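Since the structure comes first, as structure tokens, the remarks are kept for the end.
In what follows, every chain begins at residue 1, and chains take the letters A, B, ... in the order their sequences are listed. Everything numeric here is computed off the predicted structure, so don't read it as measured data. Just so it is clear, the values below take in all heavy atoms, side chains as well, and ignore hydrogens, waters and symmetry mates.
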Amino acid sequence: METTKPLIPLTPAVFYILLALAGGEQHGYEIMKQVKQDSSGQVKMGTGTLYGSLKRMLADGLIDEAGERPDPAMDDERRRYYRLTDLGRQAFNAELRRYAQVVSLAGQRRLLPRPSLEIP
Amino acid sequence: MREHRRDTSSTRAARVYAILLRLYPRAHQQAFGEQMLRTFRDHYRDAVEVRGESEARYWRSVAGDESKSVVREHLAALAERIWPMRTILAAPFGVWRRRQTRRLALVTQLCLIAAVLLVWTPLLVERVLLATGEHGLMHSHAGSVSYYLNAAVARPTNHFISAFMRATDDIAADDLRAYHFSASRVEFSTYPLALAAVGAPAAPTPAFLLDGEPVAHLATDVRLIEGRLPIPDAGALEVVVTQATASRLHLALGAALSIAALDGQQAPQVRVVGIVQTVGAAFPTNRAGFDPENQDSVWNYAQSNPLDYVLTSDEAIGAYTYDWAQIATVQQFYSRASGASPLPPSEGPPLWQAWWIGTTEYARMDAQDLNAFVLHDVPDASTHLNQVLGVPPLAQQTGFVAADTSAGFYQGHDDYTDQVIKFVLAVLFFAAFLAFSLVGVLSPVADQLAERQQPLIAALRDRGAFRGRVIGAFALQALTLAGLALLAGGLLAMLLARALVAVLLPEPVRPVVNTLVGGPFDTGYSLAGGIAAVLLSLAAAVVMLRAMRRATTPEPASDHQSASG
């Protein structure tokens with residue numbers, strides 16, 4: 001049985017890609033947009049960085065290809081879709097648990113910032 | 001119109017990006033190039049054409065991202081290519097993580113370190129001492145230069161003289177004198193009086209022969225009492241003798257000197273043509289100092305007064321010393337080519353030839369000794385190593401004849417021979433040690449390598465290849481690589497030796513490794529290098545075969561589970 005231990009903690013790029021794919025299969029540009037949206041623009045992933053990360057995640061078995069098909073929302077060009085593997089999901093969940101533990105620990109120690117009262 | 005402009009802009013941007021994609025490694029391009037281009041088009045359309053982002057800003061972000069990505073992917077590709085090398089290099093450290101091989105690795109690595117320290121340090125120190133000229137630290141009998149003598153010079157040519165003078169300059173003068181004067185047949189009575197007496201220009205004379213006596217003394221310190229000086233080409237060997245000698249040997253003017261014939265040759269005819277008297281310090285009349293029965297006296301006298309009375313023609317055809325018996329054995333009087341005829345005076349300075357002939361037994365011994373000196377040039381490691389290992393001696397290079405030459409050393413020079421033997425033995429010892437140590441160190445590495453071949457082995461076996469054939473295929477591969485490594489190793493060893501010599505040794509002693517830098521094939525297949533390479537190759541082959549045997553042996557299920565767990 002494969003273990004996710006060596007993969008944790010995940011890099012921000014890998015984490016956000018897993019987060020994007022956690023909602024379902026996506027092609028490259030969708031992932032790129034989703035990452036930007038999920039990170040509130042803090043993680044800007046160019047094409048080169050995106051596919052470098054996808055390549056390594058494929059090699060590590062975190063994701064795999066889900067075939068090629070057109071994106072009905074864009075045009076009729078065929079795009080390659082990616083999805084989470086079981087290992088990828090385990091790694092993602094493990095990383096979420098780690099984040100939760102960190103947040104919990106910070107809360108116990110009263111290290112979390114107070115919620116802002118300002119209306120954005 | 002506006003739609004057309006958008007298409008043109010998008011197409012142009014895609015073309016530019018397609019060019020940028022070529023900067024990626026080929027494998028990356030093939031796997032992701034098309035997708036990346038499509039994603040770029042989507043991104044460009046949204047950013048520039050839909051949201052109206054400026055092209056300059058967009059391309060700036062693209063350039064920043066692509067530059068980092070290109071470098072990162074190339075590094076990753078390089079890391080994949082050098083994986084085998086990285087694995088092998090990391091293996092010695094990796095074995096430490098394996099509990100079962102930790103002890104083995106400890107032992108073998110300690111053995112390697114000990115072998116290097118024990119074997120190479122003394123050799124290195126010796127080489128450094130040789131290179132720095134500190135011979136005294138290596139020889140317990142400094143100055144007892146006693147070469148193995150079976151070399152004879154047929155003709156003392158100018159070349160020989162200059163080589164000899166160079167050789168005498170290269171060694172300590174004390175050594176040379178001590179050896180000569182402590183020899184059993186000491187002679188020191190050499191000088192062509194006739195040459196000086198007739199006022200001929202003095203030729204260069206070996207400094208050690210005169211021992212500081214100025215040539216001018218000969219003209220002032222010898223007085224002709226009776227007869228004449230020898231005349232060149234008079235038809236016989238002519239000599240002049242001192243009054244003391246004439247009295248002791250009962251020689252009168254015109255008397256023939258009896259010189260024993262060489263074996264099978266005619267005795268030379270030597271006639272006394274003059275009686276001289278020595279005056280001054282250069283030619284003392286104290287004959288007690290020349291009594292051959294009193295070696296100590298002779299030796300002491302010879303040290304301070306090397307000149308006595310040898311009277312000869314300036315054409316070097318006559319000779320005389322107080323001990324006539326010594327003349328009989330001097331083969332250097334005669335030309336080997338023409339049998340019993342004396343040497344023609346055509347070569348070399350007359351002064352030299354006069355000395356040469358006049359010194360009789362001393363000359364014979366010197367001829368051999370000096371030839372040995374010239375043969376070996378300087379008693380350093382380079383000449384001795386070269387000689388032992390077959391490099392032509394200086395005598396053959398400089399062109400004068402060396403008859404009955406055989407190489408070797410007396411006891412005093414066993415050091416050099418020992419060094420050669422020690423060196424070869426040390427290399428063999430070290431190679432054997434290394435080979436057996438490598439077996440231990442490389443085993444885990446080979447196991448890992450074999451493990452990575454499991455898919456290939458499985459595929460071969462699926463196609464019906466039996467175990468022997470699989471092992472044979474890998475063995476053939478290993479042997480081919482070993483053969484290539486052998487050739488490459490020889491070449492690398494030569495280059496390494498050249499580099500080390502250039503860095504460590506000063507110019508005069510760099511030939512010390514002539515035998516190592518003769519050429520790639522000489523080096524690769526020389527005694528030590530060849531055997532070491534064979535041993536190492538065998539060790540590597542044994543390790544590889546053992547690993548492949550393990551890899552092709554089906555493991556019990558329980559073992560497999562425990563291994564994978």
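Side-chain atoms of B/Tyr44 and B/Glu55 form a donor-acceptor pair, as typed in the model, at a separation below 3.5 Å.
The shortest side-chain heavy-atom distance between B/Tyr24 and B/Met36 falls under the 4.5 Å cut-off. When side chains are defined from C-beta on, B/Asp65 does not count as touching A/Lys44, because their heavy atoms never get closer than 4.5 Å.
Highest contact tally toward chain A, considering only B/Glu34, B/His28, B/Lys68, is held by B/His28 [criterion: heavy-atom pairs under 4.5 Å]. The choice from B/Arg38, B/Glu66, B/Arg41 that makes the most heavy-atom pairs within less than 4.5 Å of chain A is B/Arg38.
Checked for salt-bridge contact, A/Asp64 and A/Arg83 meet the test: a charged N lies under 4.0 Å from a carboxylate O.
For A/Lys33, the part lying near chain B is the side chain, with the backbone staying farther off; criterion is any non-hydrogen pair under 4.5 Å.
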